[in-house]
Q: 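First the structure, which I've put down as structure tokens, then a few questions once you've had a look.
Residue numbers start from 1 in every chain, and the chains themselves are labelled A, B, ... in the order their sequence lines are given, proteins ahead of strands.
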Protein chains: 2
Amino acid sequence: MIRVLLAEDQAMVRQGLKMMIETDKEIQVTAEAVNGKEAVELCGNHTFDLVIMDIRMPVMDGLEATRIILSRRPETKVLILTTFNDDEYALEALKSGSRGYLLKDADTSELIRSIRSCLEGGLVLEDQVAANILPKLMNHNAPEEVDESLTPRELDIICRIGEGRSNREISEELALSVGTVKNHISIILDKLELRDRTQIAIYAIRHGLV
Amino acid sequence: MIRVLLAEDQAMVRQGLKMMIETDKEIQVTAEAVNGKEAVELCGNHTFDLVIMDIRMPVMDGLEATRIILSRRPETKVLILTTFNDDEYALEALKSGSRGYLLKDADTSELIRSIRSCLEGGLVLEDQVAANILPKLMNHNAPEEVDESLTPRELDIICRIGEGRSNREISEELALSVGTVKNHISIILDKLELRDRTQIAIYAIRHGLV
DNA sequence: AACTCAATATGACGGAGGTCATGTTTTTGG
DNA sequence: CCAAAAACATGACCTCCGTCATATTGAGTT
């Protein structure tokens, strides 16, 4: 038996959802909440396999409630429920640790399929939503190409600066003199048109070298 | 009419797929290729709405073929076809610009649904695959929580260090004396248990403050 | 009223960072 | 094989960074 907590402020939507969900004999809505705060409290006192959480609710919204619940009971699966096919929300919903994103206009079979997929470890994502957020996530760590005039040695040193090492530490790790490390850094600063090691560290991280 | 190019080296799979696809009267397999190279050549001479591309093929694999085709005809949709629910491939497939990821054991209705969703701009992703790759993409910019003992002023200065500013620049931007900026930095270093401004910059980026 | 804390300031001090000039040794490519 | 580039080294020099001690102001608390 799958125990579901339904967190949704609109009684009508809640009722409709409950009926749709309980079409499946193995799934039961064992509790309902009208806002995020109630949902958090219920999760403190009871155990649920799945929480279906509306994103817009009074008192405490669904994303914050999700974060709190997962920080206390990480094994709980949370599916975010929303009206809009809004990729901004989708990203936030995923960052908060939810296991997916249900649209309110989904039909019963779609709903059941999503719930079961989620409980089996899947992440439920509309194709349209996926098309919007994946490129964002990929571009975000898009490794802009590194200046190709950099030598292997210089790249190595850039990495170490990006890890927060001092010149002394770098010189010891590479069995060089401190002066040599400084020389390399001077050349790096020149090639990359930067001013100091801090900017090198930023460069290193932004270009995915660390 | 939707024109599909089928790139798959195994004749049997190709035949089966073709029959499943053409269940839908609006979709037609107008060409077939037995490896990536053939697929690329066919795309040069003809126009297709969709390419279904096996990932493992002789001569040229599906990922490389995808990259070449998309560099020449970016409007083409490519769906990658594979046997395994392998997230390593999935990431590569998405990076290559494909619009999703079909499993060979999908049934006919699933297949048709995926094709149509893809042509409508969707990104087709198994829930299990999504569950594997999304955390990877998100962890990269995982906003570990920032030390809460930091004051607003200190956070501000941390951000500016994370942008590569010198003490002098920061003091001018905030209308402070250089000494005050240094004082703040000393306190920041103490609170975060760091050693120098470079490590502060790294902290700022890793915690999503910049 | 007494207290705490954030924010500001000053000046002195030592050390790390970065520049420059110069030179040697290896690697590598034509 | 020779020339160019990369890697390594030294020492002098100056600047910027960060520490420390000390102090003032204003906001909020008890």
Side-chain angles (χ1 to χ4, degrees), chain A residues 37 59-60 64 143-210, chain B residues 143-210:
Chain A
K37 194 156 168 288
V59 188
M60 181 189 288
E64 192 178 350
E144 263 183 62
E145 60 187 40
V146 176
D147 189 315
E148 52 189 54
S149 72
L150 293 168
T151 67
R153 196 49 137 184
E154 287 160 359
L155 280 171
D156 190 358
I157 289 177
I158 290 174
C159 289
R160 289 167 203 270
I161 292 174
E163 285 162 353
R165 307 251 197 293
S166 68
N167 286 346
R168 169 135 305 278
E169 287 169 338
I170 294 173
S171 74
E172 284 166 2
E173 289 164 9
L174 300 180
L176 301 176
S177 76
V178 178
T180 301
V181 175
K182 289 184 181 182
N183 283 340
H184 284 304
I185 290 175
S186 287
I187 296 171
I188 292 167
L189 292 172
D190 193 45
K191 284 183 180 176
L192 300 182
E193 296 181 347
L194 299 176
R195 202 204 306 146
D196 54 46
R197 71 191 301 98
T198 302
Q199 295 187 347
I200 294 179
I202 295 168
Y203 180 97
I205 297 176
R206 294 268 180 242
H207 289 72
L209 299 175
V210 279
Chain B
E144 267 181 61
E145 62 187 37
V146 176
D147 190 314
E148 50 189 55
S149 72
L150 292 167
T151 67
R153 194 51 136 185
E154 286 160 1
L155 281 170
D156 191 359
I157 289 178
I158 291 174
C159 289
R160 289 167 203 271
I161 292 175
E163 285 163 352
R165 308 254 196 290
S166 68
N167 287 347
R168 167 137 305 280
E169 286 168 337
I170 294 174
S171 74
E172 284 166 3
E173 289 164 11
L174 300 179
L176 300 177
S177 77
V178 178
T180 301
V181 175
K182 289 184 182 182
N183 284 340
H184 284 304
I185 290 175
S186 286
I187 296 171
I188 292 167
L189 291 171
D190 193 46
K191 285 183 180 176
L192 300 183
E193 296 180 346
L194 299 176
R195 203 201 312 143
D196 53 45
R197 70 193 298 97
T198 302
Q199 295 186 347
I200 294 180
I202 296 167
Y203 180 97
I205 297 175
R206 294 269 180 242
H207 289 72
L209 299 175
V210 280

Q: Taking the nucleotide of DNA chain C with the closest heavy atom to each, which residue, B:Ser149 or B:Ala175, is nearer the 5' end?
A: B:Ser149
Q: Look up atom SG in A:Cys159 and atom CD1 in A:Ile200, then write down how far apart they are to the nearest 0.5 Å.
A: 11.5 Å
Q: Which atom pairs link the protein and nucleotides 21-25 of chain D when you take only N or O atoms and keep those under 3.5 Å?
A:
none

Q: Keeping the roles fixed (side chain from B:Arg197, backbone from B:Arg165), state whether a donor-acceptor pair exists under 3.5 Å.
A: yes
Q: Which whole-number value in Å describes the distance from B:Leu194 CG to D:dT19 P?
A: 11 Å
Q: From CD1 of A:Ile187 over to P of D:dA9, roughly how many Å is that when rounded to an integer?
A: 13 Å
Q: Measure the shortest side-chain to side-chain distance between B:His184 and B:Thr151 over non-hydrogen atoms and say whether it is less than 4.5 angstrom.
A: no
Q: Starting at CD1 of B:Ile185, measure out to CG of B:Asn167 and round the result to the nearest 0.5 Å.
A: 4.0 Å
Q: Taking atom C1' of D:dG26 as reference, at what distance in whole Å does atom CZ of B:Arg153 sit?
A: 15 Å
Q: Rounded at 0.5 Å granularity, tell me how far CD1 in B:Ile157 sits from OG1 in B:Thr180.
A: 8.5 Å
Q: Which residues pass the side chain to side chain contact (heavy atoms under 4.5 Å, CB included) test with B:Glu172, not counting sequence neighbours?
A: B:Arg168
Q: Answer yes or no: is there a side-chain heavy-atom contact under 4.5 Å between B:Val181 and B:Arg160?
A: no
Q: Can you pull the contact range of chain B along DNA chain C, 5' to 3', using atoms under 4.0 angstrom from its heavy atoms?
A: C:dA6 to C:dT10
Q: What's A:Thr180 touching, base or sugar-phosphate or nothing? Going by heavy atoms closer than 4.0 Å.
A: base
Q: Output, in order, the C-alpha distance, side-chain angles, deciding distance and verdict of side chain to side chain contact (heavy atoms under 4.5 Å, CB included) for B:Val210 and A:Arg206.
A: CA-CA 11 Å; B:Val210 280; A:Arg206 294 268 180 242; 3.6 Å; yes
Q: Could you write out each protein N or O paired with an N or O of nucleotides 14-18 of chain D at a distance under 3.5 Å?
A:
{"unit_1": "D:dC17", "atom_1": "OP1", "unit_2": "B:Asn167", "atom_2": "N", "d": "3.4"}
{"unit_1": "D:dG18", "atom_1": "OP1", "unit_2": "B:Arg197", "atom_2": "N", "d": "2.4"}
{"unit_1": "D:dG18", "atom_1": "OP2", "unit_2": "B:Arg197", "atom_2": "NH1", "d": "2.8"}
{"unit_1": "D:dG18", "atom_1": "N7", "unit_2": "B:Lys182", "atom_2": "NZ", "d": "3.3"}
{"unit_1": "D:dG18", "atom_1": "O6", "unit_2": "B:Lys182", "atom_2": "NZ", "d": "3.1"}

Q: Could you check whether B:His184 gets within reach of a base, just the sugar-phosphate, or nothing at all, counting any heavy atom under 4.0 Å?
A: base
Q: Using five base pairs at each end, measure the axis-to-axis angle across the helix from C:dA1-D:dT30 to C:dG30-D:dC1 and round it to 10 degrees.
A: 50°
Q: Which pairs, with at least one residue in residues 182-192 of chain B and sequence neighbours excluded, count as a salt bridge (Lys or Arg N to Asp or Glu O under 4.0 Å)?
A: B:Glu154-B:Lys191
Q: Supply the atom-to-atom distance A:Ile161 CD1 to A:Ile205 CD1, rounded to the nearest 0.5 angstrom.
A: 11.5 Å
Q: Check whether any side-chain heavy atom of B:Ile158 sits under 4.5 Å from a side-chain heavy atom of B:Leu192, and report yes or no.
A: yes
Q: Let me confirm one number: the CD1-CG distance from B:Ile188 to B:Leu194, rounded to the nearest 0.5 Å.
A: 9.5 Å
Q: How many angstroms lie between atom OG of B:Ser149 and atom CD1 of B:Ile187, to the nearest 0.5 angstrom?
A: 10.5 Å
